[in-house]
Structure formats: structure tokens, C-alpha cells
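Everything below concerns the one structure shown next.
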Amino acid sequence: MTERAMDWQELTNLTQGQPFVVERVRLAGNGVAIEGEFELPQLAQLTVADQVFVTAFVRCHGSIKEMERIFGVSYPTIKSRLNRITQMLEFVETDPAPSRAEVIDRLRRGEITTQQALSELEGRT
């Protein structure tokens, strides 16, 4: 395990799952520090055990059969843990619906028809 992973595990053990706020970030390469209130990424908010599980899942390319082999547990156990972790993570929209203003601008420029604009504004694409 790398030194950084050990530091992160120690921090997670110290906080015992309690929420915390990062207030200072320092770039190691040039010593520049940024202060403020930073929210941790969702995956960093998971327990160390859950982070290891997610990392293994990604490294297995999502193969539940491989996860069964690695962790020595059954398919339902892997699925149950994945479902529990999934409930802890918010879905990140990678292709958000266009804003009302964007749709209207495209309509004004003649890029879409009135019917297409109405459909997009109603949430149908």
C-alpha cells in the first residue's frame, strides 16, 4: 500500500465515518496553497473498505464473477454490496438536458423547429 493510501486510511479511521470539511489544499509540486471550504468527491466519502471494493470492481471491468473470486463471496453478496454503495452515491448527469434559454436560442437561430423546441422543453428528445 502506498504512503498516500495509508494517510487516507488513517484519516478515514480517525474521522470514523463522520463528515468533515477540507479547508486547505496544497499543490505538492509548487507549494501553492488554496484555502476555502472544499467538499470531498463522493468516492472519497466512502469507507476505506467500500473504496477498496469499488476499486476492485473497476479493475475487474465490472465482472461480478471476478469479484466473487477475489472476495470469496457469493453473487448475491456482491450485488447487495454494490446496491448499498450505489445508494450512497448521487448520479452524476453526463449529458444534462439543455436549459430553457439554450432551447430558445437554438429556436431563434433556426437550428430546431418549434415542435422540436417544445419537445425538448417538455423533456422529450
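- When the salt bridge (charged side-chain N to carboxylate O under 4.0 Å, His left out) test is applied to Glu35, the partners found at least two apart in sequence or on another chain are Arg24.
- Counting all heavy atoms, side chain and backbone alike, Leu46 lies closest to Gln51 at O-NE2, 2.8 Å.
- With sequence neighbours excluded, the residues satisfying side chain to side chain donor-acceptor pair (under 3.5 Å) with Arg69 are Glu66.
- Listed by first and then second residue, the salt bridge (Lys or Arg N to Asp or Glu O under 4.0 Å) pairs that reach into residues 74-83 are Asp50-Arg81, sequence neighbours excluded.
- Within 6.0 Å of CZ in Arg84 there are more than 12 heavy atoms belonging to other residues, nucleotides or ligands.
- Atom-to-atom distance recorded for Glu90:CD and Met88:CE is 12.0 Å, nearest 0.5 angstrom.
- Looking at heavy atoms from C-beta onward, Ser99 lies in side-chain contact with Glu102 at the 4.5 angstrom threshold.
- We find the CD1-CZ distance between Ile85 and Phe57 to be 9.5 Å, quoted to the nearest 0.5 Å.
- Scanning all heavy atoms of the two residues, the minimum distance from Glu120 to Pro98 falls at OE1-CG, 3.3 Å.
- To the nearest 0.5 Å, atoms CD (Gln116) and CG (Leu121) are separated by 12.0 Å.
- In the hydrophobic cluster analysis, where Ile, Leu, Val, Met, Phe, Trp and Tyr join through side-chain heavy atoms closer than 4.5 angstrom, Val32 is grouped apart from Val25.
- Once rounded to the nearest 0.5 Å, the distance linking CD of Glu68 with CD1 of Ile78 reads 6.5 Å.
- In summary, of the residues considered (Asp105, Leu118, Val103, Ile104), a side chain to side chain contact (heavy atoms under 4.5 Å, CB included) with Ile112 occurs for Val103 alone.
- Defined by atom type and a distance below 3.5 Å, a donor-acceptor pair is present between the side-chain atoms of Thr77 and Ser74.
- Open room surrounds CZ on Arg108; 12 or fewer heavy atoms of other groups in view lie less than 6.0 Å from it.
- Here the side chains of Leu43 and Leu89 are in contact, with some heavy-atom distance below 4.5 Å.
- Side-chain contact between Tyr75 and Lys65: absent, with no pair of heavy atoms (C-beta onward) separated by less than 4.5 Å.
- The hydrophobic cluster containing Leu27 does not contain Phe38, counting ILVMFWY residues as joined when their side-chain heavy atoms lie under 4.5 angstrom apart, directly or transitively.
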